[in-house]
Amino acid sequence: MNQHPDLIAGIARTRLKTIAKREAERFAKARPKTRVALTGGADSYLDAVPMHWMKDWPMPFPMLVETARGARLTDIDGNEVDDFCLGDTGSMFGHSPEPVAKAIRKQARNGLTYMLPTEAALEAGWLLTERFGDFHWQIATTATDANRFALRVARAVTGKPKVLVFHGCYHGTVDDAMVELSNGKTVTRPGLTGQVADLTKLAACAEFNDLESVEAALKTGEIAAILTEPVMTNSCMVLPEPGFHEGLRKLATKYGALLIIDETHTISSGLGGYTGVHGLDPDIFVVGKCVAGGMPTAVWGLRPKLAKAYIRYNAGRASGHSGMGTTLSANPMQFACLRATLAEVMTEASYAHMEKGAKRLYSGLKRVIEAHGAPWHVVRVGARVEFICAPGPLKNGTEAGAAHMPEVEATLHTALLNRGCLIAPFHNMMLVSPATRKRQIDRLIAAFDDTLSELFA
């Protein structure tokens with residue numbers, strides 16, 4: 001986005017730096033216990049955190065959470081914050097929903113893992129079909145695993161080598177999806193740790209909302225599957241243009257490729273995910289994160305015809321490791337939580353509350369942006385809302401990548417946290433849960449307004 005060199009996303013650079021410094025100091029001052037605990041207390045971890053992305057938050061150092069209930073977090077210094085990040089969708093239905101907590105307590109008395117199914121597993125299978133449609137299901141621990149296994153099935157059944165993904169996409173840490181477009185050509189994404197394989201032998205890349213580029217890739221005859229989110233969500237959010245998903249379905253069928261829909265973030269759309277709400281027709285359906293109320297669980301399902309084709313393939317496969325499945329996947333704790341979530345948490349009433357709150361948040365943020373004359377916009381997909389520090393709407397991954405304003409976003413995130421509101425660290429994502437209250441939404445809108453008042457003063 002071209003703009004005056006002294007401005008970032010419409011904000012004076014000197015003002016931004018001054019505010020960023022002040023907000024960082026304010027965060028640190030409010031957390032003396034956290035600072036002391038982290039000094040020396042994290043020495044046993046690589047780079048001082050148990051997972052590297054815990055350092056990707058924009059604050060000077062991570063929060064140490066003591067409790068999380070509903071849509072609220074409390075750190076060890078006693079700071080309470082409204083949680084709109086919600087584990088970046090993992091806790092989309094709130095922290096420890098009571099039916100899930102009850103299921104955990106009950107199952108804990110009966111064993112945690114034993115490589116055998118339970119009655120809850122049978123019930124969960126029926127509930128998955130009721131919620132998401134006519135698929136034959138398998139259970140994984142993460143959506144990354146589910147996507148990886150789905151791609152093996154696609155290659156096995158079609159006999160083709162490549163997956164088609166979209167520039168700027170996110171499908172967990174699936175190697176095959178770690179490609180992007182550079183000067184119109186598919187290349188391995190830069191920055192991958194220890195990457196030695198040429199991923200272009202496994203994958204091709206197209207632009208989201210560009211059916212011509214999709215068809216060009218499919219015409220090669222190499223594409224086993226199209227793997228896509230219904231909405232691009234892990235950069236600045238990009239909505240599908242009218243007819244795009246219908247076009248993907250037609251092209252996949254025409255060229256003998258499978259269509260895999262990854263709903264891990266767009267489960268926010270409503271009951272049944274974006275696929276259910278908008279009537280999509282994938283061959284393989286994937287969803288993870290919140291599907292078991294926050295217990296590490298993902299599911300992937302095959303349409304009945306595809307399931308039969310895979311069973312035929314599997315019957316003729318040489319014996320040995322399939323490269324699919326992990327020992328702790330499909331454990332009884334997962335099924336207890338999956339059943340509780342599907343039956344008692346992931347309900348029409350929950351989604352109605354989330355939708356109403358998200359509309360309120362969307363309208364409030366949009367109103368603030370317009371009042372301050374910011375060249376920004378807001379996007380919503382069901383319970384998921386994002387503000388984007390650039391004009392919109394965005395069309396594809398290239399535009400989404402260019403719309404990021406890291407300095408502005410980091411300052412905003414810390415400022416919002418200092419005003420009692422936590423949003424997702426990697427982008428400007430906010431979720432409304434069934435536990436989120438109207439006063440929390442209004443508090444976030446007010447904090448956003450307060451911060452923009454200073455940034456655009």
Side-chain angles (χ1 to χ4, degrees), residues 68-73 82-107 120 123-135 137 230-231 233 263-280 285 287-295 297-299 301 334-365 379-386 424 429-445:
R69 294 188 180 91
R72 200 119 167 101
L73 296 178
D82 297 323
D83 187 6
F84 290 90
C85 174
L86 294 169
D88 195 6
T89 308
S91 294
M92 188 181 78
F93 297 110
H95 295 288
S96 298
E98 183 51 37
V100 176
K102 182 179 178 181
I104 291 171
R105 291 192 295 268
K106 181 180 178 181
Q107 184 59 49
E123 292 176 42
W126 288 109
L127 286 167
L128 284 168
T129 298
E130 183 180 277
R131 281 284 174 266
F132 299 118
D134 190 12
F135 297 93
W137 300 98
V231 176
T233 63
E263 287 266 12
T264 299
H265 284 158
T266 53
I267 190 67
S268 66
S269 302
L271 203 62
Y274 196 98
T275 294
V277 172
H278 295 277
L280 305 191
F285 180 96
V287 65
K289 290 198 177 182
C290 66
V291 73
M295 176 63 64
T297 306
V299 301
Q334 286 179 308
F335 283 117
C337 295
L338 186 59
R339 178 181 62 179
T341 301
L342 293 170
E344 302 179 64
V345 178
M346 189 185 289
T347 64
E348 288 186 13
S350 291
Y351 273 111
H353 177 92
M354 294 157 70
E355 180 87 8
K356 184 177 180 180
K359 285 181 179 178
R360 186 181 187 90
L361 178 58
Y362 170 88
S363 298
L365 297 178
V379 184
R380 183 176 74 86
V381 175
R384 184 185 181 103
V385 181
E386 292 183 17
M429 188 277 289
M430 296 150 283
L431 281 165
V432 173
S433 78
T436 305
R437 298 293 169 251
K438 187 166 66 173
R439 63 180 178 274
Q440 292 178 293
I441 294 168
D442 291 345
R443 210 157 31 224
L444 174 54
I445 295 168

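Only a predicted model underlies this, so the values are computations on that prediction, with no experimental measurement involved.
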Novice: Without swapping roles, check the side chain of Thr266 against the backbone of Val231 for a donor-acceptor pair under 3.5 Å.
Specialist: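 The answer is no, because no donor-acceptor pair under 3.5 Å joins these two groups.
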
Novice: Can a donor-acceptor pair be found, under 3.5 Å and without considering hydrogens, that links the side chain of Ser268 to the backbone of Val381?
Specialist: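 Yes, the answer is positive, given that a donor and an acceptor are paired below the 3.5 Å cut-off.
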
Novice: To the nearest 0.5 Å, what is the distance between CG (Asp442) and CG (Leu361)?
Specialist: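 Going from the CG atom of Asp442 to the CG atom of Leu361 covers 9.5 Å.
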
Novice: Tell me the closest heavy-atom pair linking Thr264 and Gly288, and the distance in Å.
Specialist: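 Closest heavy-atom pair between Thr264 and Gly288: OG1-N, 3.4 Å.
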
Novice: How close do Leu342 and Leu127 get, counting heavy atoms only, and between which atoms?
Specialist: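 Taking every non-hydrogen atom into account, CD1-CB, 3.7 Å.
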
Novice: Is the closest side-chain heavy-atom distance between Pro434 and Met354 below 4.5 Å?
Specialist: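 Side chain of Pro434 against side chain of Met354, heavy atoms only: contact under 4.5 Å found.
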
Novice: How about Ser350 and Thr347: does a side-chain donor come under 3.5 Å of a side-chain acceptor?
Specialist: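 Checked: Ser350/Thr347 side chains pair up, N/O donor to acceptor below 3.5 Å.
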
Novice: Is the backbone of Thr436 close enough, under 3.5 Å, to the side chain of Ser433 for a donor and an acceptor to pair up by distance?
Specialist: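 A pair under 3.5 Å: yes.
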
Novice: Under 3.5 Å, side chain of Glu123 to main-chain N/O of Arg339, donor-acceptor pair present?
Specialist: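 Such a contact is absent between Glu123 side chain and Arg339 backbone.
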
Novice: Going by heavy atoms in the side chains, are Arg380 and Met430 under 4.5 Å from each other?
Specialist: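 Not touching, per the 4.5 Å side-chain cut-off.
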
Novice: Working to the nearest 0.5 angstrom, can you tell me the gap between Phe135 CZ and Phe285 CZ?
Specialist: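 Rounded to the nearest 0.5 Å, the CZ-CZ separation comes to 6.5 Å.
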
Novice: Considering all heavy atoms of both residues, which atom of His95 and which atom of Leu73 are nearest to each other, and what is their separation?
Specialist: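 What the structure gives for the nearest pair is NE2-CD2, 3.7 Å.
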
Novice: Measuring from Leu338:CG to Arg131:CZ, what's the distance to the nearest 0.5 Å?
Specialist: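 With rounding to 0.5 Å, CG (Leu338) is 11.0 Å from CZ (Arg131).
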
Novice: Looking only at atom types and distance, does a side-chain atom of Arg443 sit under 3.5 Å from a main-chain N or O of Asp82, one as donor and one as acceptor?
Specialist: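 Not a single qualifying donor-acceptor pair exists.
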
Novice: As an exercise, state the distance from OG of Ser91 to CG of Asp83, rounded to the nearest 0.5 Å.
Specialist: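 Nearest 0.5 Å value for the OG-CG distance: 7.5 Å.
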
Novice: Quick check against the 3.5 Å criterion: does Gln334 have a side-chain atom that pairs as donor or acceptor with the backbone of Met295?
Specialist: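 The answer is no, because no donor-acceptor pair under 3.5 Å joins these two groups.
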
Novice: Which heavy atom in Ala336 sits nearest to a heavy atom in Gln107, and how many Å separate them?
Specialist: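 Shortest heavy-atom contact: CB-CB, 4.0 Å.
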
Novice: Taking atom CZ of Arg72 and atom CD of Gln440, what is their separation to the nearest 0.5 Å?
Specialist: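 Spacing of CZ (Arg72) from CD (Gln440) equals 6.5 Å.
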
Novice: Do you know the tightest heavy-atom contact between Ala435 and Ala71?
Specialist: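 Smallest heavy-atom distance, with atoms named: CB-N, 3.9 Å.
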
Novice: Does any non-hydrogen side-chain atom of Phe335 lie less than 4.5 Å from one of Thr297?
Specialist: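 Side-chain contact under 4.5 Å: no.
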
Novice: Pick out which of Thr89, Asp88, Leu86 makes a side chain to side chain contact (heavy atoms under 4.5 Å, CB included) with Cys290.
Specialist: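 Going through the options one by one, the only one that passes is Thr89.
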
Novice: Which distance, rounded to the nearest 0.5 Å, do you find between the NZ of Lys289 and the CE of Met92?
Specialist: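 One finds 11.0 Å between NZ of Lys289 and CE of Met92.
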
Novice: Find out whether Phe93 and Tyr351 are in side-chain contact, i.e. whether some heavy atom of one side chain is under 4.5 Å from a heavy atom of the other.
Specialist: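 In short, these two side chains touch, coming nearer than 4.5 Å.
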
